[in-house]
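See structure below.
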Number of protein chains: 2
Amino acid sequence: MADRDRQYVESLARGLSILESLSRSQKPLGNGDLAKMTGLAASTISRLTHTLTVLGYIRLNRAYRGYELTPKNLTLGYPVLAEMRLLEQARPHLERLSHATGETTALAVRDKLHIIFVAVIEGENLVAVRLATGGRLRIPVSAAGAALVAALPEDERRMLLARVRADMTRNGQDAKSFLDTVAACRRDGAAVVRNKWRTGIGGISVPVLHNGEYAALTIPVATGSVSEETMRTTLADALKEVAGILGPVLPPPEAP
Amino acid sequence: MADRDRQYVESLARGLSILESLSRSQKPLGNGDLAKMTGLAASTISRLTHTLTVLGYIRLNRAYRGYELTPKNLTLGYPVLAEMRLLEQARPHLERLSHATGETTALAVRDKLHIIFVAVIEGENLVAVRLATGGRLRIPVSAAGAALVAALPEDERRMLLARVRADMTRNGQDAKSFLDTVAACRRDGAAVVRNKWRTGIGGISVPVLHNGEYAALTIPVATGSVSEETMRTTLADALKEVAGILGPVLPPPEAP
DNA sequence: CCTTCTTTTCCGCAGAGCGAAACCACTTTC
DNA sequence: GAAAGTGGTTTCGCTCTGCGGAAAAGAAGG
């Protein structure tokens, strides 16, 4: 695109990129860190963090000598949670399922090339990673990602797959395994991913369509404790049952 | 302040004010609505909403012909939820309590003159309002607000009370009832508010201090179903028990 | 079709926001 | 103690970004 988008407000985008950087960091970040991550000048970062601090979105964590996000950021997600009918209907089922299996259950939606956890019901069985509402994963490393791709109508699915492949290629990754997972999900109705994101972590996921919106029911597991067999049978069946209560069977039946 | 804050980035603040307006609206908002609410020119709003749309924070809801927040906003709250030790420890207790009482339980923190719900565990008993993580209430109408004020050390409490009173006075409200609630909380260890925010809605709340951070355990109730007596005895005692597990007894004992 | 309302784009302009450099504050090293 | 290192803030000259009024375009309703 030769011409700059005249309607795009760069300063706003820069401020939000700081919030995003903080949202992906495990610890508070100093202005120098943020300058490195965003490529912006230190004085620009200083002004932006100052503004975000005055507005209440970040605060300085003195112990770590860096900025962290404040609870005020939760308010930006409130209507998403409060107005999501699917979440309302799915939550009791996810809670029952978590209780019955001992596993963590979650609902995820797609955001471009990532999935975002909308709700996470923690189970007794520990997964060696901190999961919470708002957490996100790249589509190719997550069962929910594969399920969400598999559920799409043909045109959309092809386009999204092309973008995912391009992204993976750009990062020097082989897309074959992911494509196989998507194909398997289309055949079996559930996606299984093991040790893709991290060793020891996997997931089983089933897509659901509700009011024209796609989402994925998913169970992240510790692969050291839960066998692939269990994922493909017990857990998959349980998820499919819930999905069937919430919406039409996905992916739509199709010749192999 | 005579001199403008040279380090404050107005464009960023304007964009965020749009996200905030949407976070407080029950339905999608058009650019005209947003222009009225923020006082900015329509063309400015159009550019800002365009930018937020490109970045993925809002989308146009065609059915309602207005913008709404996307799940991407949840990611900004993720580290708050993932890193909050108090939430981690409180959640199982809140869940047990919700199950035992049938009521909704929640954890709230303060954000200037508001409280923000960090976690909401829905119970069987319905409260005629949609509660969710990220929801917020003004301090004077919420039990959690009174509890959070009551728990503060003297200096901080006086300063915050002065600000709350000034705000209430500016809005033509009488602060006496709120001050009484705070005083009662300091005496009893729990704050009870009924029908202040809305008729039919009330709350019982107990403050907790954890790692130098104040929070409030709270149970919102339907005042038509739950008596003040039950709130002050059964529910208050249950909350105090949980608070005692999580941190020191609050408010600190003090001569009346 | 016309009218009305809403939104987007255009465009002149000034000041907002930029980044390099200077300055500041604190810590570490010698 | 002085000097160097580290991280952050403020200044300041400058330009181009973002502004808002006006015009154009789009959408909805009759």
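Chain naming here is simple, since letters A, B, ... match the order of the sequence lines and numbering starts at 1 in each. Any value given below was found using the heavy atoms of this structure, including those in side chains, with hydrogens, waters and symmetry copies removed. What you see is a predicted model, and the numbers here were worked out from it, not measured in a lab.
For dG18(D), one of the phosphate oxygens OP1 or OP2 lies less than 4.0 angstrom from a side-chain nitrogen or oxygen of R4(A). OP1 and OP2 of dC10(C) both lie 4.0 Å or more from every side-chain N or O belonging to R6(A).
Using a 4.0 Å heavy-atom cutoff across all strands shown, S11(B) reaches sugar-phosphate atoms only and no base atom. Counting any heavy atom pair closer than 4.0 Å across all strands shown, E10(B) reaches sugar-phosphate atoms only and no base atom.
Along DNA chain D, the nucleotide nearest K36(A) and the nucleotide nearest Y8(A) are compared for position; the residue whose nucleotide lies closer to the 5' end is K36(A). Each of T49(A) and I45(B) was matched to the nucleotide of DNA chain D holding its nearest heavy atom; the match closer to the 5' end belongs to T49(A).
Among dT8(C), dC18(C), dT10(D), the nucleotide with an atom closest to any side-chain atom of Q7(B) is dT10(D).
In this structure, L34(B) places its CG atom 13 Å from P of dT6(C), rounding to the nearest Å. L60(A) has its CG atom 15 Å from the P atom of dG7(D), to the nearest Å. Whole-Å rounding puts the L29(A) CG to dG8(D) C1' distance at 15 Å. Taking atom CG on L48(B) and atom P on dT17(D), their separation rounds to 16 Å, with Å as the unit. The separation between R65(A) atom CZ and dT28(C) atom C1' is 12 Å, rounded to whole Å. Between the C1' atom of dT9(D) and the CG atom of D5(B) lies a distance of 12 Å, rounded to the nearest Å. One atom, CG of L12(A), and another, P of dC18(C), lie 11 Å apart when rounded to the nearest Å. Rounded to whole Å, atom C1' of dT9(C) lies 10 Å from atom CZ of R47(B).
A salt bridge links R130(A) with E88(B): the closest approach of a Lys/Arg side-chain nitrogen to an acidic carboxylate oxygen falls below 4.0 angstrom.
For the contact set between residues 14-28 of chain A and DNA chain C, defined by any heavy atom under 4.0 Å, the members are R14(A).
Contact of the E68(B) side chain with the I58(B) side chain is not registered, since no non-hydrogen atoms from C-beta on lie closer than 4.5 Å. Between L12(B) and L52(A) there is a side-chain heavy-atom pair separated by less than 4.5 Å. For the pair L217(B)/L246(B), a side-chain contact is recorded, criterion being any heavy-atom separation below 4.5 Å from C-beta on.
Within 3.5 Å, a donor on the side chain of S43(B) pairs with an acceptor on the base of dG21(D), or the reverse.
Side-chain atoms of S142(A) come within 3.5 Å of backbone N or O of G145(A) as a donor-acceptor pair. R186(B) places a side-chain N or O within donor-acceptor distance of the main-chain N or O of A150(B), the cut-off being under 3.5 Å.
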Per-pair distances, 0.1 Å, donor-acceptor, side chain in residues 29-41 of chain A, under 3.5 Å, sequence neighbours excluded:
unit_1: N31(A); atom_1: OD1; unit_2: T49(A); atom_2: OG1; d: 3.2
unit_1: D33(A); atom_1: OD2; unit_2: G30(A); atom_2: N; d: 2.8
unit_1: T38(A); atom_1: OG1; unit_2: L34(A); atom_2: O; d: 2.7
unit_1: T38(A); atom_1: OG1; unit_2: L40(A); atom_2: N; d: 3.3

